[in-house]
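Below is one structure; the comments refer to it alone.
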Amino acid sequence: MEIDFIGIDWYAPLSDWRDGTAHLDALSGTNSIHDRDYLKSNVEGGEGYDWYYASSADRDAQLRTPITDGAYAEPWVYRYKDLRSWWSEPHHDRIAGVRQTSPTGWVPQSKPVRLVELGCPAVDKGANQPNVFIDPKSSESTPPYHSTGARDDLIQRRYIEALLAYWQGASNPVSSVYAGPMLDLAHSHVWTWDARPFPEFPTRDDVWSDGTNWRLGHWLTGRAGQSSVGEIVGDIAAQVGLDDLDTTKLEGVLAGYVINAGARARDEIERLGAVFGFDIVDRASGPVCVPHLKDSAPVMVPAQSLTVRDNGPGLSFGQEAKDTHPTEVRLQFAADDGDYRPASVSALGLEHEIEGVIEMALNGLADRDLATRWARGALSRMQAETRTAALSLPPSFGALEAGDCISLDAGPDGAVWCLASAEGTETRDCELVGTRGGLNVTTGPQPEGSAAPRPPSRPVLILLDLPLRAGEPARNGFLAAGWSDPWPGKLTLHAGSDPDALTARAEITAPAFTGQLEADLGSGQEGRWDKANAVKVRLKNGAFSNATQTRVLNGANLIAVATAQAWEVLSFTNAQLEPDGSWTLTGLLRGLGGTPVSGAGVGAKVVLLDEACVTLPVHDHEVGTDLTVVAVPPGKPINDVSVRTVSARYDSAEYRPLSPVHVEAALSGADLQVSWIRRARVDADAWAYGDVALDEAREAYQVVWFDGEVEVSRSEVDAPAITLTAAQLATLYTSGLSAAAVEVAQISDRFGPGAVARCDLSGLS
């Protein structure tokens, strides 16, 4: 078998970050888990390469055990991140810990490596443990090591950027065997891009049950389109010729940003800086965007090392007057609601006063929660900057520039200070402002469905007077089916003999599958499989499914089709979805419950008879009269424009006796004998013994005699047979039986005569 590549699911950690500033990675000089250089340094370094944690206790205490190999000097055997060595070295089996002399069949550098999956969850400290996920419904759900569980879109982006950037160019060795790179990035894949449309996924929790997992999950859908703040600032600067602006230290993401025609680049960058907390500072290396927020300071300045200033002490602290402190930030933004309407939020300080209100505007897309967090971050930074300090640095600190942060062994405990300005050469007079960490926002907006108003939707209401289904108890009313788009949750049905006598009688809690015929439905035979016809229907909603003949005989796949006479109830075994979205139903079982099989034309209504159809009770005195029925959505008055009103007559089809079968006529001498077999509407499928049970109060039949189309006699009998004597025949049929016929119907005391069975007598003449 030819093997083309080596595939690996790659979820290796690129960080070992903790909150605060006392952990090893922060003490080594890294200011943020989002630092690209920090993450890239751990692609071939850090946990799983240089060292490992022998236990959970060691991880908590950061007791790192070096990865070594003792006598064989092949530590890469135990480094799960050392792709380079694994790919380029011969492999020797270790049997019972002993390295075998002969190598395996692996040829070093013989096959490229593809990362068939790589990715990182969008959660705080996701790079610490990118293989885990948060799903409350799963027993394997867990946050990454030391994660707060907060959403973080930026760490997902930075993890992927760092991994892919590291393996570009010289870092990715070229094989001497196949002359290609070790790592085949062109055929590597980031997990995960979801084929479901955004933002319907993840917002449509009525369709997909995993939508809530998107917020902290590995999904790129809805995040790949976001841009880092650094990229936006860099692009604005490049358009006005400032190509060398360093934006690599900026954190934060934006789902969208609008620049109005004629706006100045400086103003746009200042707006972004005010919200995301950064300034542009000129340094020896060029212009740099320097963030305000600092959790830690890499430089500690002892008070005894400071020089005495000409105009005062070497170190002094200050605080702006309280009446100048910002107490509220009001932020205008573009609502990420599909219409991008202007919106505003407010962030208040602990001691809110009327004075000190800061008005800010940003043409960035956000939801209200995200915009509020932006405003709170801005207010927190502004309040921290009311603390000031002044000092003079000796030449030994000459490398410090404006924007750098320091800590002091004097003044407020644990405070981090930012150099707002630094003037002078040998002695540098510096002005400092306070900073505050922990409020950086590194997420995009939470996706929402469209908030655009929709016009009221008047529901479709269909009332069906149908025979009972197998096993169905007496309903004494209509089957009611409703549908609307959007579905309001339920419909309350009010009914009465006139609009002033309406009473609430039923609730439809689910939309029915309804539609109409796309082609004529031909006639069929009652209770028979119909292989000649098909039901071609277009549904307003829902879908059909196949069923076996056994399931159909047991009541599956029942539909009702409106014919010119009444509703025909039929079933089907096969449902085919056509390319144009319509359905073709075949394997039809026609005329169920004695319903008419005369067929129906294009446009006839079709309803799937399932649990969405409910009973609408009809009182005894309302049978056979026109009823007014109103379907009312929740919270609407009965006369609202969104209600549906229909008029219908309930004729108790569920109590109509089925037509007799096997009607037979024969002459016995000069007498005419006619017999038949009755049927039953209820519990008629017990065929083990005897006749079906009588489901009427008494056994009675109406017999009507015809000469041509003229009724010549009508009578009632209490048994499934009747005899006309020769004298009676002579009286009824003076011209003989050449045009004679008889119709038989079972009688119900509640309904009256039911469906008729007709027998032609002309052949007896």
Side-chain angles (χ1 to χ4, degrees), residues 197 199-212 335-339 341 343 367-369 446-466 472-473 475-516 538-543 559-560 562 605-619 622 626-650:
E200 281 70 21
F201 176 81
T203 58
R204 290 293 303 276
D205 56 6
D206 59 323
V207 178
W208 298 292
S209 62
D210 59 338
T212 55
D336 190 13
D337 59 2
D339 293 328
R341 293 168 291 187
D367 54 49
R368 295 191 66 84
D369 176 69
Q446 180 69 17
E448 297 180 2
S450 174
R454 302 187 66 174
S457 175
R458 181 176 292 142
V460 171
L461 176 61
I462 301 174
L463 302 176
L464 304 98
D465 188 5
L466 299 179
E472 183 183 8
R475 71 173 82 95
N476 296 316
F478 292 106
L479 270 183
W483 173 86
S484 71
D485 183 21
W487 177 248
K490 68 176 182 178
L491 295 171
T492 301
L493 303 184
H494 301 254
S497 56
D498 60 69
D500 295 327
L502 299 177
T503 57
R505 302 194 186 182
E507 283 188 350
I508 299 176
T509 58
F513 291 359
T514 63
Q516 59 187 25
R538 183 174 299 277
L539 287 176
K540 291 184 174 68
N541 64 313
I559 61 173
K605 295 177 182 178
V606 179
V607 182
L608 179 67
L609 302 178
D610 62 4
E611 294 77 12
C613 299
V614 303
T615 297
L616 175 67
V618 174
H619 304 314
E622 296 171 331
D626 290 334
L627 284 180
T628 298
V629 183
V630 182
V632 184
K636 302 296 183 181
I638 202 166
N639 59 351
D640 191 78
V641 294
S642 63
V643 309
R644 172 68 66 181
T645 302
V646 299
S647 179
R649 180 189 294 265
Y650 175 67

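Small disclaimer: the values here were computed from a predicted structure and weren't measured.
- Taking SG of Cys613 as the start and CG of Leu479 as the end, the distance is 6.0 Å to the nearest 0.5 Å.
- In this structure, the side-chain contact (heavy atoms from CB on, under 4.5 Å) partners of Val643, at least two apart in sequence or on a different chain, are Val630, Val632, Pro633, Asp640, Thr645.
- For Ala631, the side-chain contact (heavy atoms from CB on, under 4.5 Å) partners are Pro459, Leu461, Leu491, Leu493, Arg644, not counting sequence neighbours.
- Taking Asp205 as the reference, nothing meets the salt bridge (Lys or Arg N to Asp or Glu O under 4.0 Å) condition, with sequence neighbours excluded.
- Residues meeting the side-chain contact (heavy atoms from CB on, under 4.5 Å) test with Arg204, sequence neighbours left out: Glu200, Asp206, Val207, Trp208.
- Once rounded to the nearest 0.5 Å, the distance linking CG of Leu502 with CD1 of Ile638 reads 4.5 Å.
- Note: Arg649 CZ to Asp465 CG = 11.0 Å, rounded to the nearest 0.5 Å.
- Within the 4.5 Å cutoff, the side chain of Trp487 has heavy atoms near those of the Ile508 side chain.
- With Phe478 as reference, Leu627 is the one residue of Ile462, Leu464, Leu627 to meet the side chain to side chain contact (heavy atoms under 4.5 Å, CB included) rule.
- The closest side-chain heavy-atom distance from Phe513 to Asn541 is below 4.5 Å.
- Under the rule for a salt bridge (Lys or Arg N to Asp or Glu O under 4.0 Å), the partners of Asp210 that lie at least two apart in sequence or sit in another chain are Arg196.
- Remark: Lys490 pairs with Glu507 by the salt bridge (Lys or Arg N to Asp or Glu O under 4.0 Å) rule, at least two apart or across chains.
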